[in-house]
Amino acid sequence: MKYETHTIKKKLKKDLKMYRYNHSIGVSYTAICLAMKYEYDLKKAEIAGLLHDCGKDLSNNKKLKLCAKNNIDINTIEMNWPDLLHAKVGTVIAQTKYKVEDKEVLDAIQYHTTGRPGMTLLDKIIYVADYIEPNRIQKDLEELRPLAFIDLDLCLIKILKNTIDYLEEKKRPMDSLTKETYDFYLDKLK
């Protein structure tokens, strides 16, 4: 890949709130570490980690407009909670502003919040890195951080379960793809 990391970081620093920029750097570094462990392309992991939240700090109105302009399907939950669109919008921003053409990187950005059945290795790396990066304060991190480097699929299942439990407990909306992904990987484990 031809992407210049320092150029991406410079743009991201302008576009994101400082804590989100630091989170993106943390996801990128964690993704690189996981890529080394699982013998994946380090540059793709770095770029996907940096850009996974590039659409997060846009206003909800801008997210909705970007979806309409780019013919992105919006489900009922996303219409009522436009913040959930940041992953879909992030793929558009990654393509247009950061000139990312690699489909694997774009898919990893799109599915970093929900996962999907049959995730690619990069999808899994970014999904897990987003949850366990060093700046995060999440449930079960003492167990999940080492587990990510032992069994990525098992770590993924545990993170999906934590996410589903959290959303149900807080009575917050959940994209159906999150539950589908959890059921898919739980079934694979049997």
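One is the number of the first residue; the rest follow in order along the sequence. All values derive from a computational prediction rather than experimental measurement.
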Side-chain H-bond candidate by donor/acceptor type, Y21 with D53, under 3.5 Å: no
From I126 atom CD1 to L121 atom CG, the distance as rounded to the nearest 0.5 Å: 10.0 Å
K56/D83 salt bridge by N-O under 4.0 Å criterion: yes
Contact check, side chains of D175 and T113, non-hydrogen atoms, under 4.5 Å: no
Passing option when L66 is tested against V92, N61, I72, L85 for side chain to side chain contact (heavy atoms under 4.5 Å, CB included): V92
Anything under 3.5 Å between a donor and an acceptor, one on a side chain of residues 163-170, the other on a protein residue two or more places apart or in another chain? List them.
{"unit_1": "T163", "atom_1": "OG1", "unit_2": "I159", "atom_2": "O", "d": "2.8"}
{"unit_1": "D165", "atom_1": "OD1", "unit_2": "K161", "atom_2": "NZ", "d": "2.8"}
{"unit_1": "D165", "atom_1": "OD2", "unit_2": "K161", "atom_2": "NZ", "d": "3.2"}

Residues E143, K158: salt bridge by 4.0 Å N-O rule: yes
Donor on one side chain, acceptor on other, Y40 and E104, under 3.5 Å: yes
Residues H86, H52; criterion side chain to side chain donor-acceptor pair (under 3.5 Å); working and verdict: CA-CA 9 Å; H86 82 271; H52 80 286; over 6 Å; no
Distance (rounded to the nearest 0.5 Å) between Y131 OH and R136 CZ: 8.5 Å
Side-chain touch Y111/K124, heavy atoms, less than 4.5 angstrom: no
Check ion pair R116-E180 (N to O, under 4.0 angstrom): no
Interatomic spacing from CD1 in I47 to OG in S28 - rounded to 0.5 Å: 7.0 Å
Donor-acceptor side-chain pairing of T5 and K43 below 3.5 angstrom: yes
Shortest non-hydrogen separation from M119 to T181 and the atoms involved: SD-CG2, 3.9 Å
No-hydrogen, no-angle side-chain donor-acceptor test under 3.5 Å, H23 and D130: yes
Stepwise side-chain contact (heavy atoms from CB on, under 4.5 Å) check, C155 with F149: CA-CA 9 Å; C155 187; F149 292 89; over 6 Å; no
Min side-chain heavy-atom separation K9-L12 under 4.5 Å: no
Donor-acceptor pair between T120 and D123 side chains, under 3.5 angstrom: yes
salt_bridge(K11, D15) N-O dist < 4.0 Å: no
